[in-house]
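Throughout, a chain's letter reflects where its sequence line sits, starting with A, and its residues are numbered from 1. Remember, it's a predicted structure, so these values are computed and weren't measured experimentally.
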Protein chains: 2
Amino acid sequence: MSQNTPPHSAGNTTPAPQTDGLTGGGTPAFSPLYQQIKSLILQSLQAGEWKPGDTIPSEFDLAARFKVSQGTVRKAIDELAADNLLVRRQGKGTFVATHAEQHIQYRFLRLQPDEGDQRSEGPAERNIIECRRLRAPAEIARLLGLRSGDPVLQVRRVLAFHGVPAILEDLWLPGVPFKGLTVETLAADRGPMYALFETQFGVRMVRAEEKIKAVAADAESAPLLDVAQGTPLLSVERIAHTYNDVPMELRRGLYRTDTHHYRNELN
Amino acid sequence: MSQNTPPHSAGNTTPAPQTDGLTGGGTPAFSPLYQQIKSLILQSLQAGEWKPGDTIPSEFDLAARFKVSQGTVRKAIDELAADNLLVRRQGKGTFVATHAEQHIQYRFLRLQPDEGDQRSEGPAERNIIECRRLRAPAEIARLLGLRSGDPVLQVRRVLAFHGVPAILEDLWLPGVPFKGLTVETLAADRGPMYALFETQFGVRMVRAEEKIKAVAADAESAPLLDVAQGTPLLSVERIAHTYNDVPMELRRGLYRTDTHHYRNELN
DNA sequence: CAGTGGTCTAGACCACACT
DNA sequence: GTGTGGTCTAGACCACTGC
């Protein structure tokens, strides 16, 4: 399973396990107990033992289960919480993070109005233009970690703020995990699309990378965004990953930035 | 000073301080000990007691100094390290983070080549076009937290990769902390500009925000970037802050994105 | 070797939420 | 009140660095 021996170390009456077992073989890598616990918790998350929004067992319960001290479990959970996989709530418990209840909705959307307003914008109007199944072209397949020709879903939609179109985006999703996704499902849904992915398909998006360029609106995109051809637009290519860094979505967006901007924090 | 009572709690023989002192007054906010320690360490950083690259006292020394346990200091340092203000090195000590020795040079520059190469790019060729002092226009002043008419420095430069210009940027710096900065100083310098700011002016940039838009190259910028007028460019406005979130630099860049892209991680 | 950060434990107590 | 996470402590031991 994991890369190291699990933290059981048989019947120690005295405290610290810390032993790595396996003197032979080739496990030169040392990984601290709390990292191993972190991996075990992650496995439970991947396996769906606890679903988004669920509360996971208390630190003491987990400590008992893994035969370590509560402090060690705590450190593991600390890191998972820092990665936004778990959410701690004092007095209540620790919960599996979700795109739904999370009051920072649209966590991955960095486009925001230039001044004032802040996030009073609300969820924007969605308009699905297209939703079809196809066989993955080579490039799409590569970015999604699939083979050319594997089934994928493509969705095209426009997001608008106050009636003004602002985002045109194409999504590609691997066909297998998203079997059964239809334009009706998407259209009927309110709230973040990633929340729908969680509830309907058990796919939780955890992390994403974006590559941004400036491009000119072409004949196809210009009318959809209600701008003149040649207007500079932000091109945003996003690859979103589930647990374990498995890519699960490719998204290519064109953002109008005349009244909005892409906001980023550098640390 | 801080918002809470310092963590001394007089002569406790028995362990935990945790008491907030001050039963009277109006300090409803409770802040944990390690946060107070964090503030104290931050104050020392701001005051320049330890400079970028310096090693700070060991956890035990700090624990003695602040009259708390080593674990509490550890947690404070953990957070400061997570914020990239400190860097821990096992066996050696804890160091004040710096833009110089940090092997992730150009920490705030997100533009990178489209494929391969990765960071083999190196530090790019710098070409300073202009460096002048002026009185801050209203907008610049506002963004830098100054008053209109306060002295500021403006620097304009072009960065190129392999001889191809890629970035045209204007910098505005508050005149007072950067007194004595000349075009010669800048031109003579190798390495990150933020490293120079540390060594020459004691100003360490800690955090920055960027607002990104897509714009068209105009008559002024096009020739400097060697592109046709109207070419889509990334407009990147950055406000960089020192300790305590004090804004210390405004930077407005135009990025060519024909062979490079702006990379971002979403968590 | 001594000194530093890194891990692990165990127990005490505080703050918060629900019942 | 009970149970949860949050803080603080104290001490033991491990891993890395450099003398």
Query - N or O in side chain of B:R88 less than 4.0 angstrom from C:dG6 OP1/OP2 - result: yes

Give the table of side-chain donor-acceptor pairs shorter than 3.5 Å for residues 83-91 of chain A, with sequence neighbours excluded, one pair per line with atom names and distance.
| from | atom 1 | to | atom 2 | distance (Å) |
| --- | --- | --- | --- | --- |
| A:N84 | ND2 | B:N267 | O | 2.7 |
| A:R88 | NH1 | A:D78 | OD1 | 2.4 |
| A:R88 | NH2 | A:E59 | OE2 | 2.1 |

Quick one: side chain to side chain donor-acceptor pair (under 3.5 Å) partners of [X], sequence neighbours excluded?
X	result
A:D245	A:R207
B:E237	B:R252
A:T185	A:T182

Under 3.5 Å between N/O atoms: give me all the protein pairs with nucleotides 16-19 of chain C, atom names plus distance.
| from | atom 1 | to | atom 2 | distance (Å) |
| --- | --- | --- | --- | --- |
| C:dC16 | O4' | A:Q90 | OE1 | 3.2 |
| C:dC18 | OP1 | A:K92 | NZ | 3.3 |

Requested in this report: Under the side chain to side chain contact (heavy atoms under 4.5 Å, CB included) rule, collect the residues that match up with A:S58, sequence neighbours excluded.
Outcome: A:F60, A:D61

Query raised in the report: Under the side chain to side chain contact (heavy atoms under 4.5 Å, CB included) test, which residues partner A:T55, sequence neighbours left out?
Result: A:F95

Would you give me the side-chain donor-acceptor pairs under 3.5 Å for residues 188-198 of chain B, sequence neighbours excluded?
| from | atom 1 | to | atom 2 | distance (Å) |
| --- | --- | --- | --- | --- |
| B:Y194 | OH | B:R238 | NH1 | 3.0 |
| B:Y194 | OH | B:E249 | OE1 | 2.4 |
| B:E198 | OE1 | B:T98 | OG1 | 2.6 |
| B:E198 | OE1 | B:H99 | N | 3.4 |
| B:E198 | OE2 | B:H99 | N | 3.0 |
| B:E198 | OE2 | B:R204 | NH1 | 3.0 |

Query raised in the report: What does B:F60 touch in the nucleic acid at a heavy-atom separation under 4.0 angstrom: a base, only the sugar-phosphate, or nothing?
Result: nothing

Rounded distance in Å - [atom1] ([X]) to [atom2] ([N]):
X	N	atom1	atom2	value
A:L62	D:dT4	CG	P	11 Å
B:L86	C:dT4	CG	C1'	15 Å
B:L33	C:dC13	CG	C1'	13 Å
A:E59	C:dG11	CD	P	16 Å
B:Y34	D:dG5	OH	C1'	12 Å
A:I56	D:dG3	CD1	P	19 Å
A:K38	C:dT7	NZ	P	12 Å
A:Q36	C:dT7	CD	P	12 Å

Query raised in the report: Near DNA chain D, under 4.0 Å by heavy atom, which residues of residues 69-81 of chain B?
Result: B:S69, B:T72, B:K75

Query raised in the report: For B:E184, what residues pass the salt bridge (Lys or Arg N to Asp or Glu O under 4.0 Å) criterion, not counting sequence neighbours?
Result: none

Query raised in the report: Which stems does DNA chain C form, counting runs of 3 or more consecutive Watson-Crick or G-U wobble pairs with both distances under 3.5 Å?
Result: C:1-18 with D:1-18

Query raised in the report: Got a sec, which pairs hit salt bridge (Lys or Arg N to Asp or Glu O under 4.0 Å) with one end in residues 41-50 of chain A, sequence neighbours left out?
Result: A:E49-A:R65

Report summary line: Rounded to the nearest 0.5 angstrom, the CZ-NZ distance for A:F201 and A:K179 is 11.5 Å

**Report entry** A:R110 side chain to A:R263 backbone, donor-acceptor under 3.5 Å
**Finding:** yes

